[in-house]
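First up is the structure itself, then whatever we jot down about it.
We're numbering straight along the sequence, starting at 1.
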Amino acid sequence: MSPYFEDVDTGDAIPVLTVTVDETQMFFFSAATYNGHRIHYDKTWARETEGYDDVLVHGPLQAALLSRALTDWVGGDGRLVAFSVQNRAIAYPGQALTFGGVITGKRPDGLVDLDIFCRRGDDVLMPGTATVALPQRGTQ
């Protein structure tokens, strides 16, 4: 069920989504997005050629999971209006990633602004901003 605009306030945190991405999920995401970059599936390549400890979780997969956290929260009566992120750090498969946000403002037209994030522990891997439209009581 969607939260109502009237029931949220600046400073409120949205429910977090925690996902531990595994290599199977990464394989399917690569296939679905037609991404053949070996850094996401070839451990030897990632280590010996690119210098990483393991294959890397796709930045766009992290962004998709972050948008899922938002759309899970707004539900079927809300909608995601704007979404912008920056991928600032790497994630490896098997690491628990947390996706969430905090309300930074409310507009009179039912729009809600948020600072959003993907975190690994206390480290912010992907900060961003989003705007969602929430239903208002008496307007449906």
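In plain terms, the two heavy atoms of Val8 and Pro3 that are nearest each other are CG1-CB, 4.2 Å. Closest approach of Asp53 to Arg47, counting heavy atoms only: O-NE, 2.9 Å. Taking every heavy atom of both residues into account, Phe5 and Leu134 meet most closely at N-CB, 3.9 Å. The two residues Asn87 and Gly59 have their closest heavy-atom pair at ND2-CA, 3.3 Å. Smallest separation of non-hydrogen atoms from Gly76 and Ser2: N-OG, 3.6 Å. Residues Asp22 and Gln25 come closest through the heavy atom pair OD1-N, 2.8 Å.
Taking CZ of Arg68 as the start and CZ of Phe99 as the end, the distance is 9.0 Å to the nearest 0.5 Å. For the atom pair CG of Leu97 and CG of Leu65, the computed distance is 8.0 Å after rounding to the nearest 0.5 Å. Here the CG atom belonging to Leu114 is positioned 6.0 Å from the CD1 atom belonging to Ile14, to the nearest 0.5 angstrom. Remark: Glu23 CD to Ser30 OG distance equals 11.0 Å, nearest 0.5 Å. Considering CG of Asp12 and CD1 of Ile103, their distance stands at 5.0 Å, rounded to 0.5 Å.
The pair Lys43-Glu50 fails the salt-bridge criterion, with no side-chain N (NZ, NE, NH1 or NH2) lying under 4.0 Å from an Asp/Glu carboxylate O. Electrostatic pairing of Asp7 and Arg137 counts as a salt bridge here, judged by a charged N lying under 4.0 Å from a carboxylate O. The existence of a salt bridge linking Arg107 and Asp113 is confirmed by a sub-4.0 Å separation between a basic side-chain nitrogen and an acidic carboxylate oxygen.
Just one of Thr131, Val132, Leu70, Thr129 meets the side-chain contact (heavy atoms from CB on, under 4.5 Å) condition when paired with Phe83; it is Leu70. Tested against Val57 for a side-chain contact (heavy atoms from CB on, under 4.5 Å), the candidates Leu125, Val21, Ile90 yield a single pass: Val21.
Counting heavy-atom neighbours within 6.0 Å of Arg79 CZ, excluding the residue itself, gives a total of 12 or less. Atom CZ of Phe28 has 12 or fewer neighbouring heavy atoms from other residues, nucleotides or ligands inside a 6.0 Å radius.
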Exercise for review: Before giving the answer on side chain to side chain contact (heavy atoms under 4.5 Å, CB included), spell out for Val85 and Leu66 the whole-Å C-alpha distance, their side-chain angles and the decisive distance to 0.1 Å.
Suggested key: CA-CA 9 Å; Val85 294; Leu66 183 48; 3.7 Å; yes
Exercise for review: Report the C-alpha distance between Val55 and Tyr92 in whole Å, list the side-chain angles of each, state the deciding distance to 0.1 Å, and finish with yes or no for side chain to side chain contact (heavy atoms under 4.5 Å, CB included).
Suggested key: CA-CA 6 Å; Val55 291; Tyr92 295 113; over 6 Å; no
Check your understanding: Given Thr44 and Thr49, is the side chain to side chain contact (heavy atoms under 4.5 Å, CB included) satisfied, shown in steps?
Key -> CA-CA 8 Å; Thr44 303; Thr49 304; over 6 Å; no
Review point. Given Thr71 and Leu80, is the side chain to side chain contact (heavy atoms under 4.5 Å, CB included) satisfied, shown in steps?
Key: CA-CA 7 Å; Thr71 57; Leu80 181 58; 4.3 Å; yes
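Using bins of under 30°, 30° to 60° and over 60° for the plane-to-plane angle, the ring pair His40/His58 lands in the parallel bin.
With Lys106 contributing its side chain and Asp9 its backbone, the two residues share no donor-acceptor pair below 3.5 Å.
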